[in-house]
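Reviewing the structure listed below.
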Amino acid sequence: MTDLLIVGGGIMGLWAAVMAERAGLKTVLIEKDRIGAGSSGGVVGALMPHMPDRWNDKKQFQLDALVSLAAEIAALEGQTGLSAGYRRSGRLIPLPKPHLRTIALRHEQDALTNWRVGDRQFFWHVRDDSPLVGWPQGEAMASGVVLDTLAGRVDPRRMLAVLATHLRGSSLVRIDEGRELLDLDPVTGRAFLADGEMLSFGACILAAGVQSFAQLDKLETADAIPTGVAVKGQAAVLKADIDPSLPVIFLDGLYVIPHDNGFVAVGSTSENSFTDPRSTDEQLESLLDRARAVVPLLRDAPVVERWAGLRPKAIGRDPMVGCHPDFEKLHVLTGGFKISFGLAHRLAESVIGEIIGRTDIALPESFRCHQHFSLSKKS
């Protein structure tokens with residue numbers, strides 16, 4: 001019998017285990033493959049804030065999470081001696097059309113009001129040109145460029161390694177890789193594994209990304225709408241002599257992210273229809289062509305890795321967080337889609353708090369598990 005069973009060894013599951021350890025919960029984390037085998041083990045690592053306009057509780061929650069993440073990572077890096085490749089590098093957003101500049105100027109004022117945490121102010125500067133020669137350049141900046149000082153990046157695989165290393169040194173947490181969940185009885189608190197073992201738990205967190213939806217759907221009536229879907233993403237890593245402190249570049253779904261050690265990540269596609277979830281194809285090549293057009297410094301940079309994976313998008317589009325509406329022992333932590341790395345620590349804190357009887361009043365209502373399940377019921 002364990003206090004907590006966590007299913008999934010990606011960014012959500014690992015942060016849940018860290019928060020469980022802090023709460024003093026005896027925890028077993030199972031992963032069917034290996035840590036980071038799913039979408040968390042990708043290559044992009046963008047930490048992008050929402051636009052600073054039309055402020056709401058969801059944007060405030062993300063802002064607070066992005067700001068608090070720096071201290072969380074620093075503490076784990078200090079404890080493990082490893083680097084997560086984190087940097088609040090900022091973001092450059094080219095403005096190819098005049099109307100985009102007009103909108104950006106409004107956002108510049110919105111940021112002064114909304115992008116403030118305590119005595120810290122983050123900015124959305126509108127400029128005529130990039131402050132950095134060649135990063136980016138060309139027609140993409142025909143109407144200027146935005147310099148956002150809140151955004152950042154993290155190296156996904158190194159972040160997972162920091163979390164896993166910390167947890168493997170814990171007396172309260174056990175990580176079991178290569179152990180697949182077959183079935184779950186959330187009423188009696190029993191998990192049945194592919195190796196024939198049964199695990200009893202006081203609480204269970206489903207944090208297995210796309211695979212969480214299949215487990216949740218088993219518990220629903222036959223006519224219920226699926227609780228979430230998989231969205232395929234493709235990305236690549238280039239080898240380039242680029243300053244790793246340069247801001248992330250973002251333009252209409254294209255991310256260009258300088259990482260440490262001379263690597264630049266380019267991503268990512270969002271594919272709702274696909275045949276092979278792990279293959280790369282001409283869609284990635286088109287993305288690379290776009291990146292080289294926007295950043296000619298990458299024109300001759302060789303591709304050292306092509307990557308594809310499935311990201312979880314819950315039915316309500318926002319992350320799916322908290323206690324299942326029908327089963328008090330079952331909790332959900334999935335559906336982060338493209339924003340998981342910036343929010344996972346706060347979402348995990350919220351779920352663990354709920355398990356030990358503490359309500360997170362800052363968690364947006366649209367994130368809560370019961371809200372998603374209300375959408376999955378056919379009228």
Side-chain angles (χ1 to χ4, degrees), residues 5-18 27-46 76 80 82 84-85 154-168 173-184 191-195 197 199 204-216 228-237 259 263 265 267-271 274-280 284 304-314 319-320 332-341 343-345 347-348:
L5 172 66
I6 299 172
V7 182
I11 191 66
M12 294 289 195
L14 292 173
W15 270 117
V18 169
T27 301
V28 175
L29 184 154
I30 61 171
E31 161 57 46
K32 66 177 289 189
D33 192 336
R34 54 178 172 75
I35 297 299
S39 61
S40 294
V43 298
V44 178
L76 289 168
T80 62
L82 301 176
V154 69
D155 185 312
R157 294 167 185 173
R158 292 166 73 189
M159 182 73 245
L160 296 181
V162 168
L163 290 164
T165 299
H166 167 79
L167 292 168
R168 288 190 171 109
V173 178
R174 187 179 89 223
I175 296 177
D176 286 350
E177 295 176 282
R179 306 199 73 191
E180 181 178 1
L181 175 70
L182 286 185
D183 205 0
L184 195 64
F192 302 92
L193 308 187
D195 59 14
E197 185 175 354
L199 295 177
C204 174
I205 298 176
L206 280 178
V210 169
Q211 297 164 30
S212 300
F213 300 137
Q215 288 293 333
L216 292 170
V229 298
V231 179
K232 181 179 177 180
Q234 299 184 48
V237 179
H259 285 291
F263 294 111
S268 60
T269 65
S270 290
E271 304 165 45
F274 49 86
T275 302
D276 185 347
R278 295 196 175 275
S279 67
T280 59
L284 179 57
V304 295
E305 181 181 354
R306 289 173 169 83
W307 178 91
L310 299 181
R311 297 168 299 200
K313 184 168 73 172
M320 181 185 287
V332 185
L333 186 55
T334 190
F337 193 31
K338 292 184 177 182
I339 60 175
S340 296
F341 274 80
L343 293 181
H345 65 297
L347 299 179

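Using a 4.5 Å cut-off on side-chain heavy atoms (C-beta onward), Leu14 and Leu160 make contact. Counting only heavy atoms from C-beta outward, the side chains of Phe192 and Leu184 never approach each other to under 4.5 Å. Using a 4.5 Å heavy-atom cutoff, the side chains of Ser212 and Pro312 are not in contact. Side-chain atoms of Met159 and Trp15, non-hydrogen and from C-beta on, do get closer than 4.5 Å to each other. Here the side chains of Trp307 and Val237 are not in contact, with every heavy-atom distance at 4.5 Å or above. Side-chain contact between Thr27 and Ile6 is present, with at least one heavy-atom pair separated by less than 4.5 Å.
The two residues Asp183 and Gln215 come nearest to each other via the heavy atoms CA-OE1, 4.3 Å. Heavy atoms only, all atoms of each residue included: Ile11 and Ala344 are closest at CG1-CB, 3.9 Å. The minimum heavy-atom distance between Val44 and Gly267, with the atom names listed, is CG2-CA, 4.2 Å. Of all heavy-atom pairs spanning Pro319 and Gly336, the tightest one is CG-CA, 4.3 Å. The two atoms that bring Ala84 and Val162 nearest to each other are N-CG2, 4.0 Å, heavy atoms only. Nearest heavy-atom pair across Ile35 and Ala164 is CG2-CB, 4.5 Å.
The distance from atom CD1 of Ile30 to atom SG of Cys204, rounded to the nearest 0.5 Å, is 7.5 Å. Here the CZ atom belonging to Phe213 is positioned 4.5 Å from the OG1 atom belonging to Thr334, to the nearest 0.5 angstrom. Summarising the geometry, atom CZ belonging to Arg278 is positioned 7.0 Å from atom CG belonging to Leu310; distances are rounded to the nearest 0.5 Å. Within the model, atoms CE of Met320 and CG of Leu216 stand 6.0 Å from one another, a figure rounded to the nearest 0.5 Å. Atom CD of Glu31 and atom CG of Leu181 lie 11.5 Å apart (nearest 0.5 Å). In this structure, OG1 in Thr165 is found 5.0 Å from CG in Leu82, a value given to the nearest 0.5 Å.
In this model, no donor atom of one side chain and acceptor atom of the other lie less than 3.5 Å apart for Ser340 and Arg311. No hydrogens or angles considered: nothing links the side chains of Thr275 and Lys232 as a donor-acceptor pair under 3.5 Å.
Asp176 meets the salt bridge (charged side-chain N to carboxylate O under 4.0 Å, His left out) test with Arg174, Arg179; sequence neighbours excluded. With sequence neighbours left out, Asp276 forms a salt bridge (charged side-chain N to carboxylate O under 4.0 Å, His left out) with no residue at all.
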Carefully, step by step, assess Lys338 and Lys313 under the rule side-chain contact (heavy atoms from CB on, under 4.5 Å). CA-CA 9 Å; Lys338 292 184 177 182; Lys313 184 168 73 172; over 6 Å; no

Step-by-step side-chain contact (heavy atoms from CB on, under 4.5 Å) determination, Asp155 to Arg157: CA-CA 6 Å; Asp155 185 312; Arg157 294 167 185 173; 3.9 Å; yes

Applying side-chain contact (heavy atoms from CB on, under 4.5 Å) to Val231 and Glu271, what does each step give before you reach the verdict? CA-CA 5 Å; Val231 179; Glu271 304 165 45; 5.6 Å; no

Output, in order, the C-alpha distance, side-chain angles, deciding distance and verdict of side-chain contact (heavy atoms from CB on, under 4.5 Å) for Leu163 and Val18. CA-CA 8 Å; Leu163 290 164; Val18 169; 3.8 Å; yes

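Between Glu180 and Arg34 there is no salt bridge, since no side-chain nitrogen of the basic residue lies less than 4.0 Å from a carboxylate oxygen of the acidic one. Ion pairing between a basic and an acidic side chain is recognised when a charged N comes within 4.0 Å of a carboxylate O; Glu177 and Arg168 show such pairing.
No donor-acceptor pair closer than 3.5 Å links the side chain of Thr80 to the backbone N or O of His166. The closest donor-acceptor contact from the side chain of Ser40 to the backbone of Gly36 lies at 3.5 Å or more, if one exists at all.
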